[in-house]
Amino acid sequence: MKLLFDGKRKERCRRFAVLLLALVTLGGLYTAFAPGSTAQDESAADDAASIQAGKVLFEQGCISCHGRGAEGVTDRGPSLVGVGAASVEFQVSTGRMPLPRQEAQAERKPSSYSPDEIAALAAYIESLGGEGPTIPDGDLRGDVVLGGELFRLNCASCHGFSGGGGALSDGKFAPSLADATDRQLYAAMQTGPENMPKFGDNQITPEEKKAIIAYAQSMKADKDPGGAGIGRTGPVPEGLVVFLIGIGGLLVATLWIAGKS
Amino acid sequence: MSQGSASNRGSGDPDSTGINLDDPAVTEFDLVAEGARRDGVEIVRYRPRFDTDSPKSAAEKRIERTIALCFVLTGVAAFAFVGIFGFWEWKYQFGAGADKWFTPLLGTAMGVALLGIGFGLILWHKKLMPEEVAIQDRHDGASSDEDRVLTGATITHLAAETGIKRRPLLKGAVAFGLAPVGLMAVAPLGALIKDPGNELYTTGFTGGVRLVRLDGSPVRPDDLAAGGIETVFPGIPGGTTNEHADSPTLLIHLREADAVKVRISPKYADFHYENYYAYSKICTHAGCPASLYEQQTQRLLCPCHQSQFDVLRGCKPIFGPATRALPQLPISVDSQGFFIATSDYKEPIGPAFWERPS
């Protein structure tokens with residue numbers, strides 16, 4: 001009798017547990033997929049969570065140079081208060097930050113952070129105050145022709161006519177635009193990373209920035225006549241290749257003909 | 001020439017007394033060899049590659065076909081060139097398209113055509129024409145003293161023959177007639193020399209002229225973010241064109257933190273407007289646009305010869321071949337809030353020139 005009772009109670013408990021599990025799963029699925037009726041509150045909560053997550057990431061990866069509260073450390077890293085989300089996205093998504101060591105220039109490398117983590121870092125930096133520039137959402141490609149004119153006037157002096165980059169002083173350089181995404185190009189113009197001048201919206205309007213991006217990206221997509229771009233820096237490497245290979249080939253041919261006769 | 005045979009070799013011997021040109025038995029090759037012999041050239045070996053009297057051998061036919069193929073290839077490639085050039089309505093298209101093949105195909109067709117001619121001729125010469133070795137004696141070093149005395153006399157005698165010493169009228173006439181001919185050759189060079197007048201000392205900027213962008217729009221202080229630069233031109237007709245190629249100016253908006261570090265000669269104390277500084281974009285070394293601005297290290301770089309200018313020290317040269325500072329343009333803001341130049345540059349812009357006061 002006692003045994004029987006125990007068995008029934010166990011059975012009831014098991015059923016209850018299964019039901020509970022099913023309900024929790026269903027509820028979890030619902031909250032995960034159904035649009036929240038209180039989206040405002042949730043996004044505010046998300047922001048808070050995002051800022052908190054960004055703070056944690058900042059304190060792990062950035063604090064040693066940029067200091068507590070991102071106020072900067074003398075001779076190590078500048079204050080990040082007010083630099084804006086665009087700057088964070090540019091520096092972190094291009095892998096320039098975190099910096100492996102202090103040197104002439106931070107170089108592009110694979111990013112150590114996921115897009116979500118970058119967004120969290122950006123949210124944290126934004127939360128510290130200051131109206132920093134942000135990158136607009138949506139399509140960042142504009143009028144290619146206008147972009148070409150603006151590129152040649154404003155960008156080509158350092159980045160080269162075909163965006164291949166070029167040398168600056170003391171080991172610094174203007175990087176090649178080959179790997180830059182639309183958002184990174186936009187952010188770079190807006191924030192002026194490292195030694196690049198800042199091109200604010202009053203000087204180069206958002207539409208003009210999009211035009212420049214369209215031009216810079218279209219150059220990359222174009223095909224090189226003859227097959228090889230050879231650095232795409234124009235007539236100097238092309239002439240060198242023609243000279244070395246062309247004249248070299250002619251020399252070999254001459255030697256061959258002379259040897260045969 | 002093709003009538004020659006190995007048996008004719010002996011007739012080219014320079015030691016023989018020559019051949020009788022009227023002898024009907026003399027062949028064309030005999031005449032060629034005689035001509036060479038009289039010029040001191042000895043044909044020591046002459047052998048046709050194929051016996052031209054018997055029917056063509058298989059090897060000879062094969063070589064003929066190969067040479068013919070070379071010339072046919074040339075013709076086909078040349079027609080292809082003309083066809084591609086004439087009938088392909090080439091137009092640049094963006095991206096990877098057939099248009100990218102236009103120039104390479106023209107080059108390939110022309111290359112094949114020229115190579116075909118070359119290989120055809122080389123093969124013809126090396127495989128079909130007779131083998132020939134000819135020797136001509138040349139003396140070593142200078143001519144003998146005797147030869148030089150004889151040649152010298154010939155030349156001086158020519159001068160004596162004209163009798164120029166006896167005929168002063170002709171001497172004068174020739175001098176008068178020929179000297180201006182030399183002048184005629186030199187005179188056009190004179191036209192290349194032009195007095196630039198005051199142009200080297202002035203630019204398109206004068207007091208009150210606005211600083212405008214390439215599209216002609218004037219610039220307000222708010223337009224430039226701190227740490228930003230803008231290339232500006234004089235706001236006058238043609239100011240953004242090559243007519244005023246000496247005028248492009250770099251307007252720099254320093255960050256506050258950098259602006260407090262500026263140390264400039266008192267001479268230029270009122271040339272800037274707030275944290276805005278305007279410097280000539282023309283490098284003082286060779287006139288390239290020195291517009292590579294490093295906004296952290298505050299240097300302006302010239303891409304041509306790596307001159308560097310310190311923006312916080314009045315753009316004094318700190319590296320490279322440039323020896324003079326970039327001239328500073330005195331600027332202010334007019335009643336409507338747009339940048340203006342308060343006068344022209346105080347020094348000539350750009351590279352040195354002969355009369356430049358240093």
Side-chain angles (χ1 to χ4, degrees), chain A residues 78-79 104-106 132-133 144 146 149-150 152-161 165-174 189-205 208 214-215 217-227 242 246 249 253 256-257 260-261, chain B residues 92-104 107 115 118-119 122 125-126 213-215 217 219-231 240 248 250-253 255 257 281 288-303 306-310 318-320:
Chain A
S79 164
Q105 178 135 351
V144 179
L146 173 67
E149 281 176 24
L150 292 167
R152 287 186 287 274
L153 182 67
N154 294 293
C155 320
S157 55
C158 295
H159 291 288
F161 284 94
L168 295 176
S169 70
D170 294 343
K172 301 188 287 286
F173 60 91
M189 287 186 265
Q190 235 178 0
T191 64
E194 304 195 48
N195 270 298
M196 176 167 163
K198 189 171 171 177
F199 295 96
D201 283 350
N202 285 339
Q203 183 185 2
I204 295 184
T205 65
E208 289 173 335
Y215 178 71
Q217 302 291 33
S218 80
M219 278 194 295
K220 289 193 239 166
D222 202 3
K223 188 178 185 291
D224 294 303
V242 167
W256 176 71
I257 290 171
K260 291 286 267 186
S261 52
Chain B
Y92 171 79
Q93 281 151 0
F94 180 76
D99 64 307
K100 298 293 185 294
W101 290 103
F102 181 71
T103 315
L115 274 178
F119 276 105
I122 288 173
H125 177 253
K126 288 180 76 86
R213 299 188 185 86
L214 187 61
D215 63 4
S217 58
V219 186
R220 283 173 299 129
D222 286 349
D223 292 350
L224 246 70
I229 54 165
E230 173 96 70
T231 302
T240 61
L250 205 63
L251 182 63
I252 305 172
H253 183 188
R255 294 174 193 282
K281 198 173 171 173
C288 291
S291 57
L292 282 69
Y293 172 60
E294 297 180 356
Q295 63 111 343
Q296 285 181 336
T297 39
Q298 297 298 339
R299 288 182 191 180
L300 263 178
L301 272 58
C302 178
Q306 281 68 49
S307 289
Q308 295 175 17
F309 303 90
D310 187 347
I318 50 174
F319 182 86

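Model, not experiment: these values are computed from the prediction. Order of the sequence lines sets the chain letters (A, B, ...), proteins ahead of strands, with each chain counted from 1.
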### Message
Between A:Gln203 and B:Asp223 (side chain of the first, backbone of the second, donor and acceptor by atom type, cut-off under 3.5 Å), is there such a pair?
### Response
no
#### Entry: Option in B:Gln298, B:Arg220, B:Gln93, B:Gln296 with maximal non-hydrogen atom pairs under 4.5 Å from chain A
B:Gln296
#### Entry: Choice from B:Asp99, B:Leu224, B:Thr297, B:Ile252 maximising heavy atom contacts with chain A below 4.5 Å
B:Thr297
### Query
Would the number of heavy atoms belonging to other residues, nucleotides or ligands and lying under 6.0 Å from CZ of A:Phe161 be above 12?
no
#### Entry: Closest non-hydrogen atom pair between B:Gln308 and A:Ser169, with its separation
NE2-CB, 3.0 Å
### Query
If you draw a 6.0 Å radius around CZ in B:Phe119, do more than 12 non-hydrogen atoms from other residues or ligands fall strictly inside?
no
### Interface moiety of B:Thr103 toward chain A, non-hydrogen atoms closer than 4.5 Å
neither
## Note on the structure
Interface check, chain A: of B:Gly97, B:Ser217, B:Ala225, most non-hydrogen pairs under 4.5 Å belong to B:Ala225
### Query
How about A:Glu149 and B:Asp215: do any of their side-chain heavy atoms sit closer than 4.5 Å?
no
### Query
What part of A:Ala167 gets closer than 4.5 Å to chain B, counting heavy atoms only: side chain, backbone, both or neither?
backbone
### Message
Test your reading of the model: is there a side-chain donor-acceptor pair from B:Glu294 to the backbone of A:Leu168, 3.5 Å cut-off?
### Response
no
### Task
Would you confirm whether B:Gln295, through its side chain, and A:Gly192, through its main-chain N or O, come within 3.5 Å as a donor-acceptor pair?
yes
### Message
Which heavy atom of B:Ser291 sits nearest to which heavy atom of A:Ser157, and what is that distance?
### Response
OG-CB, 3.4 Å
### Task
Can you tell which part of B:Leu292 gets under 4.5 Å to a heavy atom of chain A, answering side chain, backbone, both or neither?
both
### Query
Hey, are the side chains of B:Arg213 and A:Leu153 touching, using non-hydrogen atoms and a 4.5 Å cut-off?
no
### Query
Do you know which of A:Asp222, A:Asn202, A:Asn195 has the most heavy-atom pairs with chain B at a distance under 4.5 angstrom?
A:Asn195
### Summary
Looking only at A:Ala174, A:Cys158, A:Gly166, A:Pro197, the option with the highest number of non-hydrogen pairs under 4.5 Å against chain B is A:Pro197
### Summary
Answer key: most heavy-atom pairs under 4.5 Å with chain B among A:Asp201, A:Asp170, A:Val144 is A:Asp170
### Message
Quick check for you: among B:Leu214, B:Ile229, B:Asp222, which has the greatest number of heavy-atom pairs under 4.5 Å with chain A?
### Response
B:Ile229
### Query
Given a strict heavy-atom distance threshold of 4.5 Å, which part of B:Glu230 is in contact with chain A: side chain, backbone, both, or neither?
both
